[in-house]
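Source: prediction; values computed, not measured. Along the sequence shown, the residues carry numbers beginning at 1. Note that these values count all heavy atoms, side chains included, but never hydrogens, waters or copies made by symmetry. Order of listing sets the numbers, starting from 1, for every ligand and every atom in it.
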Amino acid sequence: MSGNEENLQAPGEQGATDSRIPTHIIGLDEILEGGVPKNYIVLLCGHAGTMKSTVGYSIIYNGCKKNGLRSIYLTLEQSKQSILDHVEKLGLPSRGLDDLVIVDLARVRKDITVDKTKPQNVDWLKSIIGVLKNYKQKFGCEALVLDSLAAVYALTTFKNPRGELFQFFEQIRDLGVTTFLISEMPTDRQVYGLYGIEDFLSDGIIHLKVEQTDRGANLYLGVVKMRKTHHTRQFMPLIFENGKFEVISQ
Ligand SMILES: Nc1ncnc2c1ncn2[C@@H]1O[C@H](COP(=O)(O)OP(=O)(O)OP(=O)(O)O)[C@@H](O)[C@H]1O
Ligand SMILES: [Mg+2]
């Protein structure tokens with residue numbers, strides 16, 4: 001983190017403690033007793049267009065800028081350039097933040113050894129873990145966003161989804177990195193991930209949802225689950241203004 005004034009902690013903003021990483025979503029860190037417990041796996045879930053990617057990016061962007069956390073945004077969805085354009089437009093530029101790395105699928109593909117004669121046999125779950133281990137070793141990493149589980153699933157043919165997902169989550173947990181897994185919720189069932197088991201494999205669930213009103217569509221955030229934290233389950237309006245997210249608790 002550079003030492004310029006912009007990076008100084010503003011009044012009321014949370015510092016990273018030994019045990020928690022602040023989200024820097026105004027109002028949310030108080031609810032989370034300071035933030036997300038370190039090394040937790042948190043599902044950041046919602047339907048399409050509920051700002052999952054932006055919220056995930058904003059958490060590690062602020063963690064990097066204000067708390068000096070080395071962070072990785074691993075995208076299997078949008079290209080790195082598309083993310084950079086989007087976050088720049090929203091006032092969250094990654095320029096100059098050397099400790100925030102965006103890894104995109106093209107980069108992942110280059111980093112792993114692919115058997116070109118049998119490309120269908122690539123074990124993407126294993127490869128993603130390998131890439132993350134490599135980054136953690138070489139670059140160091142304290143916070144991670146994986147965007148998204150749906151994209152991981154699209155690359156994977158599961159023989160035994162429960163067993164293989166359990167292994168995948170355990171391998172992520174073994175990395176010792178606070179992880180935000182972006183999960184697009186199915187529209188036909190009330191589950192937080194496609195296989196309906198992601199919720200109990202995770203330590204926390206932050207749910208983003210849109211509600212239609214006669215004046216438009218409002219975005220809400222609810223903490224459905226956060227282990228070792230006494231929190232409200234209330235859905236709170238989530239506002240994004242001037243490059244900052246804020247929840248309004250009633
Ligand atoms: N200030 C704002 N408040 C609410 N929504 C906004 C605001 N600015 C942009 N958006 C909406 O947020 C959307 C982008 O959010 P983002 O890409 O983070 O969502 P997502 O849930 O990751 O979407 P997807 O399901 O496509 O991956 C934009 O398409 C835009 O409609
Ligand atoms: Mg997204």
Side-chain angles (χ1 to χ4, degrees), residues 23-28 36 41-65 71-95 97 100-108 124 128 143-156 172 179-195 198-199 202 204-224 235-249:
T23 63
H24 294 286
I25 296 173
I26 300 165
L28 184 62
V36 172
I41 299 178
V42 175
L43 283 188
L44 200 48
C45 56
H47 294 313
T50 48
M51 295 193 97
K52 303 177 298 296
S53 300
T54 314
V55 168
Y57 177 85
S58 160
I59 293 173
I60 60 168
Y61 168 84
N62 283 298
C64 180
K65 193 169 169 178
S71 307
I72 293 176
Y73 192 102
L74 175 58
T75 174
L76 297 155
E77 293 260 357
Q78 295 168 263
S79 71
K80 179 173 177 174
Q81 194 54 50
S82 141
I83 289 172
L84 289 176
D85 292 347
H86 178 66
V87 296
E88 176 95 16
K89 186 136 204 222
L90 295 179
L92 306 165
S94 73
R95 248 179 298 110
L97 285 183
L100 173 57
V101 173
I102 298 177
V103 181
D104 76 14
L105 184 62
R107 179 74 186 269
V108 174
W124 280 94
I128 288 165
L144 163 74
V145 173
L146 176 57
D147 192 359
S148 66
L149 276 181
V152 174
Y153 296 162
L155 293 164
T156 309
I172 291 177
T179 300
F180 297 88
L181 293 178
I182 293 184
S183 173
E184 188 168 324
M185 291 166 64
T187 46
D188 57 337
R189 287 167 295 144
Q190 261 308 314
V191 288
Y192 298 104
L194 192 63
Y195 289 96
E198 295 86 346
D199 51 354
S202 304
I205 302 174
I206 295 177
H207 182 183
L208 302 169
K209 68 176 179 185
V210 166
E211 280 192 1
Q212 304 290 337
T213 67
D214 37 357
R215 295 181 60 206
N218 294 335
L219 191 56
Y220 291 82
L221 179 150
V223 180
V224 176
F235 273 88
M236 301 161 284
L238 178 67
I239 291 162
F240 184 75
E241 242 170 29
N242 304 323
K244 283 187 177 174
F245 280 102
E246 178 171 5
V247 289
I248 313 293
S249 51

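At a threshold of 4.5 Å between non-hydrogen side-chain atoms, the residues L28 and V223 count as touching. No side-chain heavy atom of V145 sits less than 4.5 Å from a side-chain heavy atom of I59. At a threshold of 4.5 Å between non-hydrogen side-chain atoms, the residues V191 and D199 do not count as touching. Between I83 and H86, every side-chain heavy-atom pair lies at or beyond the 4.5 Å cut-off.
Close approach of ligand 1 to F240 is summarised as follows: ligand atoms under 4.0 Å from at least one heavy atom of the residue are 1 (N). Every atom of ligand 1 with a heavy atom of T54 under 4.0 Å away is listed here by number and element: 15 (O), 16 (P), 18 (O). Using a 4.0 Å cut-off to heavy atoms of A48, the atoms of ligand 1 that qualify are 25 (O). Which parts of ligand 1 touch E184 is read off a 4.0 Å heavy-atom cut-off, strictly below it: atoms 25 (O).
Checking atom 31 (O) of ligand 1 against the protein gives no heavy-atom contact under 4.0 Å. Shown here, atom 6 (C) of ligand 1 is in close reach of the protein: a heavy atom of it lies under 4.0 Å off.
Each of L219, I182, L208 was compared with V55 under the side-chain contact (heavy atoms from CB on, under 4.5 Å) criterion, and only L208 meets it. Under the side-chain contact (heavy atoms from CB on, under 4.5 Å) test applied with Y192, the options C45, P186, S202 reduce to a single match, C45.
Considering every non-hydrogen atom in both S183 and K52, the closest pair reads O-CD, 3.7 Å.
At the shortest separation from atom 22 (O) of ligand 1 among protein heavy atoms lies S53 OG, 2.8 Å. Among all protein heavy atoms, the one lying closest to atom 14 (C) of ligand 1 is H86 CE1, 3.9 Å. Among protein heavy atoms, atom 21 (O) of ligand 1 sits closest to K52 NZ, 2.7 Å. The protein heavy atom nearest to atom 9 (C) of ligand 1 is M51 CE, 3.9 Å.
With hydrogens and angles ignored, the 3.5 Å screen pairs no side-chain donor or acceptor of Q78 with any backbone N or O of T75. Put simply, the side chain of Y57 gets close to the backbone of L92: a donor and an acceptor are under 3.5 Å apart. Panel note: side chain H47, backbone K209; no donor-acceptor pair is recorded below 3.5 Å.
The closest approach between T50 and ligand 1 falls below 4.0 Å for a heavy atom of the residue.
Protein contacts to the Mg ion (ligand 2) involving N, O or S atoms at a distance below 2.8 Å are S53 OG.
In this structure, the separation between CD1 on I205 and CG on L181 is 11.0 Å, given to the nearest 0.5 Å.
Below 3.5 Å of separation, one finds an N or O of G49 facing an N or O of ligand 1.
Other residues, nucleotides and ligands contribute only 12 or fewer heavy atoms inside 6.0 Å of the CZ atom of R95.
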